[in-house]
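First comes the structure, then the notes that go with it.
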Amino acid sequence: MLAGYIEGLSMVFQLGTLLAIAGGTLLGIIMGVLPGLTSAMAIALLLPVTFGMPPVMGIGMLLGALCGAGVSGSIPAILLNIPGTPSSVATTFDGYPMAQRGEAGRALGLAIVASFSGGVASMVILSLLAPPIAEFALRFGAAEYFSLSIFGLVIIASVAGKSLLKGLIAGFIGFFASTIGTDPIAGVDRFTFGQLSLLTGINILPALIGLFAISQILKNAFEYDPAEKLTAGKHKIDLARPRFVETFRNWRALLAGIGSGSVVGPVPGAGGSIASLVAYDQARRFSKNPEKFGSGHSAGIVSVESANNALLGGALIPTLALGIPGEAATAVLLGGLMIQGITPGPMLFADQSGTIYGIFLAYLVANFAMLLIMCLGIKVFVKVLMVPRKQLLAAIVVFCFIGVYAVDGDVFNIYLMLAFGVLGYFLNRYGFGTAPVILGLILGPIAESNLRRGLQTFQGDWTPFFTRPLSATFLLIALLLLAVTLWQNYRAYKKDLEEIKSA
Amino acid sequence: MKKLIVSIAATFAVVAATSAMAEYPDKNIEVIVPFSAGGGNDTFVRALQPLLEEKLDTDIVVRNIAGGGGAVGLSRAVASDPDGYTLAAASNALQTLEAMGNVAFTSEDFDFVAKVLEEPYVVAVGSDSEFETLESMVTAAQNGQSVQVGVSGVGSSAHIAAVAFSDAADVEFNIIPYPGGSETISAAMGGHVDAVVLGGAELRSPLQSGRLKALGMSYEERSDSLPDVPTFKEEGYDLSLTVWRGIAGPKGLPDNVKETWVSAIEEIMAEGSFQETADNLGLDIAPLYGDELDEFITTSAQIMREAAGDLAQ
């Protein structure tokens with residue numbers, strides 16, 4: 001193994017390879033900042049460039065893009081309350097309130113260090129434990145996926161805001177929207193109204209950008225005060241530096257992030273975007289002051305961002321150890337590996353030892369490149385907020401249109417984005433919140449298709465959902481978390497009642 | 001006045017004639033990939049792109065127009081001008097959509113320029129499966145055992161191929177659609193299904209690592225990439241199908257466009273520089289042009305339609 005690492009080192013530490021990794025990282029960061037453009041697109045764009053390169057150099061460049069896009073989604077989420085990808089939804093919960101206080105630089109500094117720590121931790125886990133973790137992920141059958149999605153639904157309670165009922169209603173709106181498209185088992189069209197673009201269901205990115213970005217812009221446009229003057233000095237630029245000490249002081253949140261990213265990441269198709277929400281949920285539950293979450297609390301940002309980059313390493317585990325990519329970005333990466341003549345699988349860890357260790361090290365270098373580029377850029381990013389709001393919002397609208405069109409090159413997605421924007425505006429206005437809708441949209445198909453797939457596999461018998469150990473564990477945890485939430489709600493309700501009485 | 005009109009008309013006629021005679025291509029060619037970046041169709045076009053640009057001496061713009069399992073992008077391709085500047089990456093998806101009755105176009109609405117790559121549909125089982133041969137799997141299903149067969153995507157070409165195989169073997173399998181290839185493969189590795197029907201390229205890595213074993217495949221004859229795997233026909237099931245990828249355009253492509261493309265692809269194949277890429281991706285180079293190609297398309301569309309008949313209702 002040591003010999004493998006030394007051989008890997010010699011492959012990575014060449015000027016060309018280092019430059020390729022840094023270049024890939026920079027492109028990933030740029031793509032991640034723009035709403036709608038994803039790491040999968042960044043990797044696909046770079047793919048033809050890597051054909052002529054040696055394996056470690058080419059794969060390193062692609063890993064750089066993956067890593068860069070993993071962190072830069074936090075920039076629009078923090079500065080503008082606009083998550084560019086589903087996985088940065090939870091970054092807005094605490095990042096945006098903190099930026100509103102004038103501490104955007106602090107929020108970005110936390111996000112950068114948390115992402116870096118998550119990335120490095122997941123690289124260590126990947127290099128040491130990939131084969132056993134990949135084997136564990138294989139034990140997920142239909143029953144386990146179903147129970148996992150039920151466990152995920154409990155998170156709605158955490159992101160619902162004040163009213164659990166309203167959060168559930170918003171979640172069900174998402175659930176309903178997820179039933180649009182071809183039935184996942186029977187193949188019948190549902191609610192498509194002859195619209196070809198709806199055959200594969202509602203695309204998650206236009207929905208996301210509509211619910212978060214367009215709704216936000218509508219709100220700003222309706223509440224715009226023409227007399228508003230930009231208050232210079234409100235934003236403290238000098239806060240903008242990487243926050244190592246503060247990040248590590250939130251070690252519980254950091255561990256929650258790394259843990260959930262490493263657990264959810266390797267499960268193929270589990271909806272990697274929920275890892276950050278799970279992390280946020282766990283960090284909040286095990287925090288000494290959960291009430292601070294959602295109001296610009298540093299632990300919130302740390303948990304989400306560390307999960308986001310730990311997820312990437314996690315998703316690489318089944319990709320490299322079994323040849324099974326977890327989601328879109330690693331699927332494109334797998335194509336890159338195959339073209340290089342690297343066949344993923346258990347043999348990769350045994351045979352081409354030098355190459356695989358080179359890939360691990362390249363991923364580590366990509367994390368350092370990400371840290372460096374983001375630290376250099378952090379002060380520039382904060383200056384975005386110095387742009388007057390009306391110009392800034394106009395520019396964001398343009399980027400949303402471009403980004404959503406780029407998703408599939410399909411104009412229909414733009415209409416979809418606008419429709420979800422109007423929906424999001426009203427949901428926010430009446431206190432329902434938009435995060436539960438996205439959660440329903442992501443988890444709905446996983447829950448539905450796996451319930452039906454399971455029933456088909458077990459030939460109509462529903463008991464395996466409760467008797468298979470992994471599945472039962474998830475359901476039990478979900479039930480416990482639900483009970484705790486209801487109990488907390490009940491106590492808060494009684495406390496409110498007493499305050500009203502005594503007043 | 002009349003003279004003026006005549007002379008203007010004449011000028012236009014001359015201009016039109018020269019532009020028609022001008023060397024094709026004289027501007028960028030757009031190739032629509034009806035799937036997101038990174039899929040099999042996308043990788044195929046992007047791997048060919050630099051080689052084609054060199055031969056055709058123009059830029060090729062790859063446009064991913066995804067949505068509807070290829071329906072959106074292919075509808076766009078059919079509706080574009082047949083001038084050779086808008087082409088599409090065509091594959092079985094085109095015939096699958098047609099067979100499932102989801103789209104307004106048929107393969108008749110396309111002009112097929114070339115078929116480039118092929119892979120077989122492979123029936124594979126987990127390494128510790130009770131089934132050693134296709135026959136044992138079919139017999140088990142005949143004896144009333146529920147044999148679960150995972151496929152990638154409801155109504156996908158793999159789904160239709162699985163139905164076609166069960167029709168050919170005259171048994172009922174419990175066919176379970178998964179969202180995509182990777183979910184299907186992990187279900188087979190984890191023992192959640194008894195067998196899978198998938199394209200050979202997707203199965204390349206699990207077959208090489210020995211985590212899955214192939215029982216049979218859908219080519220007419222054995223292939224170099226899977227020399228030990230018997231064909232369906234050898235095992236006594238009358239079915240031959242291939243997953244193919246190629247280039248097509250809207251009906252009415254000018255002959256010189258087709259000729260230019262065919263000679264460019266022929267040259268690339270002759271040089272062999274594409275061979276290594278295809279090998280690495282687990283695909284077989286199987287070029288086909290002209291009448292032979294049209295015949296191939298008609299035959300495979302027929303098989304797909306028959307099998308999809310049960311599925312689409």
_Within the structure provided, determine whether B:P179 and A:R453 are in side-chain contact (heavy-atom separation under 4.5 Å)._
yes

*With side chains defined as the heavy atoms from C-beta onward, is the minimum distance between B:M100 and A:L199 less than 4.5 Å?*
no

Please look at [X] and chain B and tell me whether the side chain, the backbone, both or neither of the residue comes under 4.5 angstrom of a heavy atom of that chain.
X: A:D183; value: backbone
X: A:Y405; value: side chain
X: A:F412; value: neither
X: A:Q459; value: side chain

Please report the interatomic distance [atom1]([X]) to [atom2]([Y]), rounded to the nearest 0.5 Å.
X: A:I342; Y: B:S205; atom1: CD1; atom2: OG; result: 12.0 Å
X: B:E183; Y: A:N450; atom1: CD; atom2: CG; result: 9.5 Å
X: B:L97; Y: A:L196; atom1: CG; atom2: CG; result: 8.5 Å
X: A:T200; Y: B:F35; atom1: OG1; atom2: CZ; result: 9.5 Å

Name the option with the most non-hydrogen atom pairs under 4.5 Å to chain A; the candidates are [options].
options: B:R211, B:Q208, B:R63; answer: B:R211
options: B:V103, B:T277, B:N174; answer: B:N174
options: B:S209, B:G153, B:S146, B:G191; answer: B:S146
options: B:A278, B:G210, B:S186; answer: B:S186

Please look at [X] and chain A and tell me whether the side chain, the backbone, both or neither of the residue comes under 4.5 angstrom of a heavy atom of that chain.
X: B:A47; answer: both
X: B:I175; answer: backbone
X: B:A104; answer: neither

*What heavy-atom pair brings B:P177 and A:P184 nearest, and what distance separates the two atoms?*
CB-O, 3.8 Å

Counting neighbours of [atom1] on [X] that are heavy atoms of other residues, nucleotides or ligands and sit closer than 6.0 Å, is the number greater than 12?
X: B:Q275; atom1: CD; value: yes
X: B:E276; atom1: CD; value: no
X: B:D224; atom1: CG; value: no

Looking at [options], which has the largest count of heavy-atom pairs under 4.5 Å with chain B?
options: A:Q195, A:E135, A:Q340, A:R452; result: A:E135
options: A:L322, A:I185, A:D410, A:T457; result: A:T457
options: A:P318, A:A40, A:G409, A:S449; result: A:G409

*Short side-chain to backbone donor-acceptor contact, B:Q148 and A:F458, under 3.5 Å*: no

